[in-house]
Amino acid sequence: MTANAATASPLKRSLIAILLLASASTALAQNAGLRRSVVQKNDVSVEGREAVVARVEIDPGVQAGRHSHPGDEISYVLEGEGELLVDGEPPRHLKAGEAFVIPAGKVHDARNTGSAVMRLVGVYVVEKGKPLATPAK
């Protein structure tokens, strides 16, 4: 804690702590070399669910990390190539122009096996109020 933070009011110290925790959780939520930017969120016709449209970028040689989503993922590869690793299934090679669907709760990973950034559009139809992705144990 800085000298300024130490002399700040209790409310200000609490706000600083909340901001630091939020920054740390955001940094932990995405591996270095992986960027997921939410483009839009909207309710869908299923009660308690929402659609999240995101732009995903994976740098060459980077692996996203095993994770799952609280709903279905529908993704389309815009650029690059990589490998989709879904638990219980053989690895699937993906390239620009291809798409994939991953059912809710299914543990999976993605790895950029190419020499350029792999860019995808991901649409997630997920339970509202839950994290978009949860690391697998």
(request) Report yes if some heavy atom in the side chain of L78 is under 4.5 Å from a heavy atom in the side chain of L120; otherwise report no. (result) no
(request) Over all heavy atoms of both residues, which pair between G114 and P60 is shortest? Give the atoms and the distance, please. (result) O-CB, 3.5 Å
(request) Using a strict 4.0 Å threshold on nitrogen-to-oxygen distance, state whether R55 and E57 make a salt bridge. (result) yes
(message) Taking the side chain as everything from C-beta on, heavy atoms only, tell me whether Y124 gets closer than 4.5 Å to R36.
(response) yes
N/O donor-acceptor pairs under 3.5 Å from side chains in residues 84-94, not counting sequence neighbours:
unit_1, atom_1, unit_2, atom_2, d
D87, OD1, R66, NH2, 3.3
D87, OD2, R66, NH2, 2.5
R92, NH2, A99, O, 2.8
H93, ND1, G82, O, 3.4
H93, NE2, E81, OE1, 3.2

(request) To the nearest 0.5 Å, tell me how far H108 NE2 sits from F100 CZ. (result) 6.5 Å
(message) So that I can tick it off, tell me whether R49 and D43 are bridged by a salt bridge, with the cut-off set at under 4.0 angstrom between side-chain N and carboxylate O.
(response) no
(message) Applying the side chain to side chain contact (heavy atoms under 4.5 Å, CB included) criterion to P70, which one of V126, V125, T134 satisfies it?
(response) V126
(message) Could you check whether any side-chain heavy atom of V101 comes within less than 4.5 Å of a side-chain heavy atom of K106, counting everything from C-beta outward?
(response) no
(message) Distance check, rounded to the nearest 0.5 Å: S75 atom OG versus E98 atom CD?
(response) 13.0 Å
(request) Could you grab the distance from atom CE of M118 to atom CG of L34, nearest 0.5 Å is fine? (result) 11.0 Å
(message) Using the rule that Ile, Leu, Val, Met, Phe, Trp and Tyr join whenever any side-chain heavy atoms are under 4.5 Å apart, tell me whether I58 and V38 fall into a single cluster.
(response) yes
(request) With side-chain contact (heavy atoms from CB on, under 4.5 Å) as the test, would you mind laying out the steps for V52 and L132 before giving the verdict? (result) CA-CA 8 Å; V52 179; L132 186 57; 4.2 Å; yes
(request) Could you check if a side-chain atom of N112 sits within less than 4.5 angstrom of a side-chain atom of D59, using non-hydrogen atoms only? (result) no
(request) List the atom of V107, the atom of A136, and the distance in Å for their closest heavy-atom pair. (result) CG1-CB, 3.6 Å
(message) I need the minimum non-hydrogen distance between G65 and D109, along with the two atoms involved.
(response) N-OD1, 2.7 Å
(message) With a 4.5 Å cut-off on side-chain heavy-atom distances among I, L, V, M, F, W and Y, is there a chain of contacts connecting V39 to V121?
(response) yes
(message) Can you tell me how far apart CD (E50) and NZ (K130) are? Round to the nearest 0.5 Å.
(response) 12.5 Å
(request) List for me each residue that meets side chain to side chain donor-acceptor pair (under 3.5 Å) alongside R111, sequence neighbours excluded, and say none if there are none. (result) Q63, E83
